[in-house]
Amino acid sequence: MLLDRLKADLAELDTRALRRTRRSLATPCAPHARVDGRDMLAFCSNDYLGLAANPALTRALQTGAVHWGAGCGASHLVSGHYAVHDELEARLAAFVDCERALYFSTGYMANTGTIPALVGRGDAIFADRLNHASLVDGALLSRAELHRYAHGDPAALERALAASSARRKLIVTDAVFSMDGDVAPLATLLELAERFDAWLMVDDAHGFGVLGPGGRGAVAEAGLASWRLIYVGTLGKAAGVSGAFVAGHADVVEWLMQKARTYIFTTGAPPALAETLLASLELIERGDERREHLVGLVALLRRELTLARWRLLPSRTPIQPVLIGDNAEALAVARALWDEGLWVPAIRPPTVPHGTARLRISLTAAHCADDVRRLAQALNRLEAQR
């Protein structure tokens with residue numbers, strides 16, 4: 001009976017155009033890739049600076065593996081923490097101008113470990129309604145009272161904070177929202193955190209390496225600094241490798257090391273990856289040319305798209321969503337693009353709200369102008385035909 005129910009549930013996903021697909025790449029991460037046996041031009045990678053297949057990182061990974069081996073052998077707090085992990089954490093903290101940083105194996109683990117370590121029963125979390133799933137799950141795991149305010153609405157957040165009598169308060173937000181590409185009003189959020197004696201946790205997964213001076217992220221771009229700020233940076237997107245880090249006041253990071261279960265109770269990330277990330281940070285810091293090229297590609301796409309019925313959402317980041325609305329139509333458009341050799345994913349509920357199915361275009365510094373023009377021309381033509 002259980003298996004029959006599961007099969008029926010899968011069929012229901014098909015009926016609602018919600019079943020996900022998984023593609024298999026046969027080439028390194030790059031815009032021009034071999035996917036499921038086809039040569040494709042991909043617009044679905046978070047490798048924003050084009051570093052994932054960079055030869056310098058490949059060499060660093062090889063050198064790290066030769067020196068440190070393939071794995072670390074234990075959790076960080078037993079015997080799985082290496083000198084190169086210390087070096088990476090110190091470098092990351094300095095890079096984002098924080099006192100200390102803690103390196104996690106994934107961004108999901110960073111978020112689901114940090115939130116429950118900071119707040120629990122009797123406390124309150126105030127979260128943007130469009131926050132990433134990892135932030136939502138971290139909030140639920142904490143057992144704190146969860147208040148979700150309207151997306152990008154500081155006034156709604158202010159009302160919720162003013163009405164709360166919780167002993168500890170935590171404001172949680174994406175810096176760049178992964179399905180919309182817009183940037184949170186971080187300066188206003190910090191002002192509210194200061195006024196209502198709250199922590200402010202910023203997940204800068206899609207801003208780190210891309211925004212701010214030297215790619216230091218959205219918080220640096222906004223010119224913010226405070227002991228209240230808890231900064232989460234992801235290292236598997238613009239950094240091109242894997243993992244994440246949480247940075248902030250030294251006492252806060254020490255507390256996380258003592259209390260974050262996703263850090264304590266898991267095998268540490270391979271030290272060779274830490275070696276690779278040190279090389280990545282050097283490329284990010286010297287990556288102004290890559291970032292300028294990326295800004296130019298974003299502007300080119302927005303000029304070239306002349307949509308009438310579909311809508312290109314407002315975004316100044318590499319995430320450029322085209323709102324279509326209907327699940328089936330979004331899937332059909334993605335399939336038509338695929339048939340032309342263009343890989344653009346259709347994003348549907350529950351990843352985005354009902355009625356807002358979209359194409360999520362991701363641009364990277366490894367794309368060229370002709371790549372972007374080819375995509376824009378295809379989208380303009382497909383909309384006119386439908």
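Since the structure is predicted, the reported quantities are computational estimates derived from the model, not experimental observations.
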Item to check | Test item: side-chain donor near acceptor, His151 and Asp180, under 3.5 Å | outcome: no
Item to check | Leu301 CG to Gln320 CD distance, which is reported to the nearest 0.5 Å | outcome: 5.5 Å
Next on the checklist: For Leu323 versus Thr356, what's the shortest heavy-atom pair and its separation?
Outcome noted: CD1-O, 3.3 Å
Checklist entry - Under 4.5 Å between any side-chain heavy atoms of Leu305 and Trp310, yes or no? => result no
Checklist entry - Does a donor on one side chain sit under 3.5 Å from an acceptor on the other, for Asp174 and His206? => result no
Checklist entry - Relative to each other, are the rings of Phe104 and Tyr263 parallel, tilted or perpendicular (30° and 60° limits)? => result perpendicular
Item to check | Parallel, tilted or perpendicular, as decided by the 30° and 60° cut-offs, for the rings of Trp338 and Trp343 | outcome: perpendicular
Checklist entry - Are any non-hydrogen side-chain atoms of Val246 and Val253 less than 4.5 angstrom apart? => result no
Checklist entry - If you round to the nearest 0.5 Å, how far is CG of Asp137 from OG1 of Thr112? => result 7.5 Å
Item to check | Side chain to side chain, Leu92 and Cys98, heavy atoms closer than 4.5 Å | outcome: no
Checklist entry - What are the two closest heavy atoms between Leu49 and Ala238, and how far apart are they? => result CB-O, 3.9 Å
Next on the checklist: If the threshold is 4.0 Å, N to carboxylate O, is there a salt bridge linking Arg216 and Glu221?
Outcome noted: no
Item to check | Leu342 reachable from Val372 in the ILVMFWY side-chain graph, under 4.5 Å edges | outcome: yes
Item to check | Tyr149 and Asp128, any side-chain heavy atoms less than 4.5 Å apart | outcome: yes
Checklist entry - With distance as the sole criterion, is a donor-acceptor pair present between the side chains of Asp39 and His32 under 3.5 Å? => result no
Item to check | Neighbour count >12 (heavy atoms, 6.0 Å) for atom CZ, Arg20 | outcome: no
Next on the checklist: Check Asp370 with Arg374, please: is the shortest side-chain N to carboxylate O separation under 4.0 Å?
Outcome noted: no
Next on the checklist: Restricting to non-hydrogen atoms, name the atom on Ser226 and the atom on Glu194 that form the minimum distance, rounded to 0.1 Å.
Outcome noted: OG-OE2, 4.1 Å
Checklist entry - Does the pair Leu13 and Asp9 meet the rule for a side-chain contact (heavy atoms from CB on, under 4.5 Å), with working shown? => result CA-CA 6 Å; Leu13 290 180; Asp9 290 342; over 6 Å; no
Item to check | Within the 6.0 Å centroid threshold, strictly below: Phe245 and Phe208 | outcome: yes
Next on the checklist: For Arg121, is the CZ atom crowded, meaning more than 12 foreign heavy atoms sit under 6.0 Å from it?
Outcome noted: no
Checklist entry - Considering all heavy atoms of both residues, which atom of Thr173 and which atom of Leu135 are nearest to each other, and what is their separation? => result C-CD1, 4.1 Å
Checklist entry - So, Asp47 side chain and Gly240 main chain: donor-acceptor pair closer than 3.5 Å or not? => result no
Checklist entry - With the threshold set at 4.0 Å, does a side-chain nitrogen-carboxylate oxygen contact exist between Asp197 and Arg228? => result yes
Checklist entry - So, Thr21 versus Arg23: side-chain donor-acceptor pair below 3.5 Å or not? => result no
Checklist entry - Is there a chain of hydrophobic side chains (I, L, V, M, F, W, Y, each step under 4.5 Å between heavy atoms) that links Val84 to Ile284? => result yes
Next on the checklist: Do Leu273 and Leu61 have side chains that approach each other closer than 4.5 Å (heavy atoms only, starting at C-beta)?
Outcome noted: yes
Item to check | Evaluation steps, side-chain contact (heavy atoms from CB on, under 4.5 Å), between Lys169 and His147 | outcome: CA-CA 11 Å; Lys169 302 180 180 72; His147 304 269; over 6 Å; no
Checklist entry - Is the count of non-hydrogen atoms from other residues, nucleotides or ligands lying under 6.0 Å from Gln385 atom CD greater than 12? => result yes
Next on the checklist: How close do Ala117 and Lys259 get, counting heavy atoms only, and between which atoms?
Outcome noted: CB-CB, 3.9 Å
Next on the checklist: Apply side-chain contact (heavy atoms from CB on, under 4.5 Å) to residues Arg16 and Arg348 and explain how you reach the verdict.
Outcome noted: CA-CA 10 Å; Arg16 297 163 58 198; Arg348 295 144 289 150; over 6 Å; no
Item to check | From CA spacing to verdict: side-chain contact (heavy atoms from CB on, under 4.5 Å), Thr234, Asp203 | outcome: CA-CA 8 Å; Thr234 298; Asp203 179 358; 4.2 Å; yes
Checklist entry - Taking the side chain as C-beta and beyond, is there a heavy-atom pair between Glu304 and Leu375 under 4.5 Å? => result no
Item to check | Sub-4.5 Å side-chain heavy-atom contact between Asp182 and Pro314 | outcome: no
Item to check | Residue pair Pro116 / Arg261, side-chain heavy-atom distance below 4.5 Å | outcome: no
Next on the checklist: Please find the pair of heavy atoms, one from Pro185 and one from Pro154, that lie closest to each other, and give the distance.
Outcome noted: CG-CG, 3.9 Å
Next on the checklist: Is there a path of hydrophobic side-chain contacts, each under 4.5 Å between heavy atoms of I/L/V/M/F/W/Y residues, joining Ile347 to Leu331?
Outcome noted: no
